[in-house]
2 protein chains.
Amino acid sequence: MGISERKMREREEMKRNIIKAATAMFINEGYEKTSIRGIADKIEYSPATIYLYYKDKDELLYDVQHYGFEQMATLFTEVATDLHPYKRLRQLCRAYIQFGMENSALYDLMFIVKDPMNAINQEDQWTNSVDCFTIFMGCVQECVDKGLIRFPDARLAALSIWGMGHGLLSLNICCRLQIMQLDQAHLNEALYLAVDNYLNMVEIL
Amino acid sequence: MGISERKMREREEMKRNIIKAATAMFINEGYEKTSIRGIADKIEYSPATIYLYYKDKDELLYDVQHYGFEQMATLFTEVATDLHPYKRLRQLCRAYIQFGMENSALYDLMFIVKDPMNAINQEDQWTNSVDCFTIFMGCVQECVDKGLIRFPDARLAALSIWGMGHGLLSLNICCRLQIMQLDQAHLNEALYLAVDNYLNMVEIL
DNA sequence: AAATATACTAAACATTGTTTATATTATTAC
DNA sequence: GTAATAATATAAACAATGTTTAGTATATTT
């Protein structure tokens, strides 16, 4: 009976419908300021209907976060093409900063806002970021294996490099860079410069 | 007439009273989960009274944030005693990580949560962090001036070092380090190790 | 055609931040 | 000392939120 399959498909379609509206609103208005009623209005259903497809608002955000990591993984594979692992690492880092600067609101939901992490069950794992992390980690591992970067092991390398990139982006997104009085025009450059400078120091010549 | 001075003092005392309760609750329950009614209950006043002393919840959080930076500045001055600027930089960085790990909830309000930044007027500046930043920036400047660290200028150096430290702390606080599957026991060590490793690379020998 | 499951919604619930109108208290002016 | 005035505090209301419940249509199965 293909009828239950059709129902399944309709259900998936409805979920996509909801996520599409939610994504747009979370990005444009922010997570907290977007109401379930608002999303319901946008898709022309009642608020209660959303709860037939998603347990709560956090679970909704979890799927939006997933969408964000899909975007990022696509960017990573498009951009990190160099066969030389260290050069590829540079490409990845630039892409990461670029993504964070061009999609600040989405980056916020992916890496800063805590609520989506509440949607993960105790026994489950956070799998949303796994594709992006695999790409990044693979590249770092190769760099370490071939003795291209100044790190004792790949784990520490990944932690440090990610830490640097995320630190710069999140200080900016959370408005804390204000204190540094950087002029807004060259802020972009400053972040890229910091990462470049870091990757230079990391490289074994 | 000392009467208006007494009123001023009473007003300040009441504000301290409110902030004390708010700080405890924000740290223990989180900002979002703490209600004005809850704070009012704790200090045994009506909710509306709080609005006679603070414009809104964000302004309340702004003062709690200020308290956090006072704590951090105290730690900085206690700990960063070495006369050699590079060694002092190490002390400062260790203290920063220590503060972030031992006071995660407070660190969150100081550097991650966006709401306190809404309390700043358009024409005003974010002054809460100014003491801590001055200490840090002064140390970095001295390191650059004396040619102790591998940076073209102090601004870029400060941005990078802060970025690294904050990146590690905030990835942890925002639960995103989950993906790295670090065992919880050595997580602390890993962060210190990453920062140490970074400062080693930065040093000009 | 009757019974059952599915999809949806209106209305209600409990909470939230914040405002308004009102009462109480302290200060000033006569 | 008493009336006018300013301050402090609150109860009640407002508008909005996430979520649940009870009930109604619509499909599907028997």
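Proteins get letters first, then strands, A, B, ... in listed order; numbering begins at 1 in each. Just so you know, these numbers use all the heavy atoms, side chains as well, and skip hydrogens, waters and symmetry mates.
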Quiz item: Between C:dT19, D:dT19, C:dT18, which one does the side chain of B:Ala48 approach most closely?
Solution: C:dT19
Exercise. Check whether any side-chain nitrogen or oxygen of B:Ser46 sits under 4.0 Å from OP1 or OP2 of D:dA9, and answer yes or no.
Key: no
Self-check item: Value in whole Å for how far the P atom of C:dT16 lies from CD1 of B:Ile39
Solution: 11 Å
Exercise. Calculate the interatomic distance between A:Lys7 atom NZ and C:dA7 atom C1'; express it in whole Å.
Key: 8 Å
Quiz item: Once you round it to whole Å, what is the distance between C1' of D:dT19 and CD of A:Glu59?
Solution: 14 Å
Quiz item: Does the pair A:Asp196/A:Arg90 count as a salt bridge with the N-to-O cut at 4.0 Å?
Solution: yes
Quiz item: Given D:dG18, C:dT27, D:dT10, which nucleotide is nearest the side-chain atoms of B:Arg6?
Solution: C:dT27
Quiz item: Whole-Å distance between C:dT16 P and A:Lys57 NZ?
Solution: 16 Å
Practice problem: Using a strict 4.0 Å threshold on nitrogen-to-oxygen distance, state whether B:Glu10 and B:Arg6 make a salt bridge. | Solution: yes
Quiz item: Going by heavy atoms closer than 4.0 Å, what residues in residues 8-36 of chain A are next to DNA chain C?
Solution: none
Practice problem: Kindly assign one of parallel, tilted or perpendicular to the pair A:Trp162 and A:Phe133, based on the angle between their ring planes and the thresholds 30° and 60°. | Solution: tilted
Quiz item: How would you label the contact of A:Tyr53 with the nucleic acid (heavy atoms, under 4.0 Å): base, sugar-phosphate, or nothing?
Solution: sugar-phosphate
Exercise. Fit a plane to each ring of A:Tyr96 and A:Phe111, take the angle between them on a 0 to 90° scale, and name the class: parallel (under 30°), tilted (30 to 60°) or perpendicular (over 60°).
Key: perpendicular
Quiz item: Which whole-number value in Å describes the distance from A:Tyr45 OH to C:dA7 P?
Solution: 11 Å
Quiz item: For DNA chain C, whose closest nucleotide is more 5', that of B:Pro47 or that of A:Arg37?
Solution: A:Arg37
Self-check item: Side-chain heavy atoms of B:Arg176 within contact of A:His166, under 4.5 Å
Solution: no
Quiz item: Does A:Lys57 make a cation-pi contact with A:Tyr31, if we ask for NZ or CZ under 6.0 Å from the ring centre and within 45° of the axis?
Solution: yes
Practice problem: Could you tell me whether A:Lys114 atom NZ has more than 12 heavy atoms of other residues or ligands within 6.0 Å of it? | Solution: yes
Exercise. Would you kindly give the CG-to-P distance between B:Asp115 and C:dT16, to the nearest whole Å?
Key: 16 Å
Exercise. Specify the separation, in whole Å, of atom CG of A:Leu52 and atom C1' of C:dT9.
Key: 9 Å
Quiz item: Given atom CG of B:Asp41 and atom C1' of C:dT15, what is their separation to the nearest angstrom?
Solution: 13 Å
